[in-house]
Amino acid sequence: MLNTNKIVETITMIQEEDLDIRTITMGISLLDCADTDIHKSCEKVYNKITTVAKDLVRIGDEISKEYGIPIINKRVSVTPISMLVDVSGGDPVEYAKTLDRAADTIGINFIGGYSALVQKGMTKGEKKLIDSIPVALSVTNKVCSSVNIGSTRAGINMDAVKLMGETVVKSAELTKDNQCLGAAKLVVFCNAVEDNPFMAGAFHGVSEPELVLNVGVSGPGVVRSAIKKAGKDCSMDEVAEIIKKTAFKITRMGQLVGTVASERLGVPFGIVDLSLAPTPAVGDSVAYILEEIGVEQCGGPGTTACLAMLNDAVKKGGVMASSNVGGLSGAFIPVSEDAGMIEAARSGALSLEKLEAMTAVCSVGLDMIVVPGDTSADIISGIIADEAAIGMINSKTTAVRIIPAIGHEEDEELEFGGLLGSGPIMKVSKYAPTVMMKRGGRIPAPIQSLKN
């Protein structure tokens, strides 16, 4: 017998509390598209993507209409393109243009995988791809790029860290007439995962199957509403229990969508990513959850503790709702994409240093941070190294998506639009780690990497 109360509850979550499926992302292996001729390889890449993913948008829209569940994004992730460059040689930007053309043809929002995994060193193809990233992101609209520069098992590749600081600055400079958008489509990882459905960091890992469908759920507004309804007399452990139960409901919806989409597309179902992914919509904010729990404003004392509890409770509740949990799974704290984070940054309650502390207990890392346009590449490399160290030591995924606001004053904001929102320019320390970056080499893997 149908429980009408549960149906009404779900409708309320969708209509009033911004509950949605943030993305369904099809992962596609391009290993069979490798060719010593880059033009033939690009042709294979285009043909494969437009063949196997041709129905992704249509079926996503059908499921959304049929079940009344908003599915915000339909995306594709592919094998790290650096692997194809190692075989074909040539200008990697040709691959970026091919990916962008394929994305337009099938009608998806973004395509990820213009990527390289260089935590232990770089091949010729990987170096070539990284050097091409600024141009590739400036001449495409839907291509996203990521580079993994460290891991708990390998340590941190400091040569790659230095190179990525320079790459971030160049990406912003080449798109300065478009809100420095190139840097917003570039993520630098430590401990990158192979089944992440979220952009800009999604790529199809080499251990993944030929095709796979991964789902990213969202619902910060639902979690905040549940805490608010419970009132301010609940103890912290009672709040954690409320979050767990709410995360279970959100994840069940993701499991349903993933299962149905997988069957209709004839593609294996991969994982549900449990992450609470915010949007600039006022009710859809992770920062507001923390404030509902009891901090005066996000970034103030108590913020890190509340975020740690939120992240843990989301995972505990979500893991019971799906047998296929993966990706990043936790709470995202992208500044420009979260209305509460934007407010906190504007007011000065949230600093870059506090954000770094918060990343030790949340899902990813320093995400969608806008910094002054004159911030040097060495300073950005230092920020990347610090964040990678948190991930390496704690055996978790961390990332940096940082945007130098080229040509903008410190009291201005970058307006990205859509889900990317707007980013207040945050203050950054002017003390550059130039000598450290010139040393190069690797920061060795920590002792806890020796687990065998």
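The structure presented is a predicted model; accordingly, all values stated were derived computationally and were not measured.
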Are a donor atom and an acceptor atom from the side chains of [X] and [Y] found within less than 3.5 Å of each other?
X    : Y    : result
E387 : T359 : yes
S285 : D338 : yes
Y288 : E343 : yes
S88  : S41  : no

Look at the side chain of [X] and the backbone N and O of [Y], then say whether any donor-acceptor pair between them is shorter than 3.5 Å.
X    : Y    : value
S77  : A202 : no
Y114 : P92  : yes
S64  : G60  : no
S138 : V135 : yes
E126 : T123 : yes
R442 : A154 : yes
S262 : V267 : yes
S132 : L129 : yes
S395 : G391 : no
N73  : N109 : no

Got a salt bridge between [X] and [Y], using NZ or NE/NH1/NH2 to carboxylate O under 4.0 Å?
X    : Y    : answer
D159 : R439 : no
D104 : K142 : yes
D86  : K124 : no
D378 : K162 : yes
D61  : K74  : yes
K427 : E353 : no
R401 : D367 : yes
K48  : E43  : no

Could you please spell out the steps behind the side-chain contact (heavy atoms from CB on, under 4.5 Å) verdict for E166 and M164? CA-CA 5 Å; E166 296 164 356; M164 289 313 299; over 6 Å; no
Side-chain heavy-atom pair [X], [Y] within 4.5 angstrom cut-off:
X    : Y    : answer
K128 : D91  : no
I111 : I49  : yes
V187 : F203 : no
N191 : T398 : no
I21  : P70  : no
L56  : I106 : no
I133 : V147 : yes
C298 : M341 : yes

Rounded to the nearest 0.5 Å, what separates atom [atom1] in [X] from atom [atom2] in [Y]?
X    : Y    : atom1 : atom2 : value
L414 : K176 : CG    : NZ    : 13.5 Å
L310 : T303 : CG    : OG1   : 12.0 Å
L265 : L211 : CG    : CG    : 10.0 Å
E194 : N214 : CD    : CG    : 11.5 Å
K354 : I333 : NZ    : CD1   : 10.5 Å
C144 : R75  : SG    : CZ    : 7.5 Å

Full working for salt bridge (Lys or Arg N to Asp or Glu O under 4.0 Å) between E62 and R58: CA-CA 6 Å; E62 285 178 2; R58 176 181 63 80; 2.8 Å; yes
Please give me the minimum heavy-atom distance between [X] and [Y], naming the atom from each residue.
X    : Y    : value
A247 : V314 : CB-O, 3.6 Å
S171 : L137 : OG-CD1, 4.4 Å
T140 : A96  : CG2-O, 3.6 Å
S115 : P80  : O-CB, 3.6 Å
L307 : C362 : CD2-CB, 3.6 Å
L163 : I130 : CD2-CG2, 3.5 Å

Does atom NZ of K430 have more than 12 heavy-atom neighbours from other groups under 6.0 Å away? yes
Verify the neighbour count for atom NZ of K120: are there more than 12 heavy atoms of other residues, nucleotides or ligands below 6.0 Å? no
Dump the intermediate steps for side-chain contact (heavy atoms from CB on, under 4.5 Å) on D273 and N196, then the final yes or no. CA-CA 7 Å; D273 189 312; N196 167 25; 4.3 Å; yes
Full working for salt bridge (Lys or Arg N to Asp or Glu O under 4.0 Å) between D35 and K44: CA-CA 9 Å; D35 197 291; K44 292 178 184 179; 3.0 Å; yes
May I ask you to check if R101 and Y46 form a cation-pi contact, with NZ or CZ under 6.0 angstrom from the six-membered ring centre and within 45° of the axis? yes
After noting the C-alpha distance and the side-chain angles of I369 and M426, does the key distance pass the side-chain contact (heavy atoms from CB on, under 4.5 Å) rule? CA-CA 7 Å; I369 311 292; M426 302 186 72; 4.0 Å; yes
List the steps and the verdict of side-chain contact (heavy atoms from CB on, under 4.5 Å) for M309 and I243. CA-CA 9 Å; M309 184 186 76; I243 296 169; 4.2 Å; yes
Before giving the answer on side-chain hydrogen bond (donor to acceptor under 3.5 Å, both in side chains), spell out for N157 and Q119 the whole-Å C-alpha distance, their side-chain angles and the decisive distance to 0.1 Å. CA-CA 5 Å; N157 182 346; Q119 57 268 30; over 6 Å; no
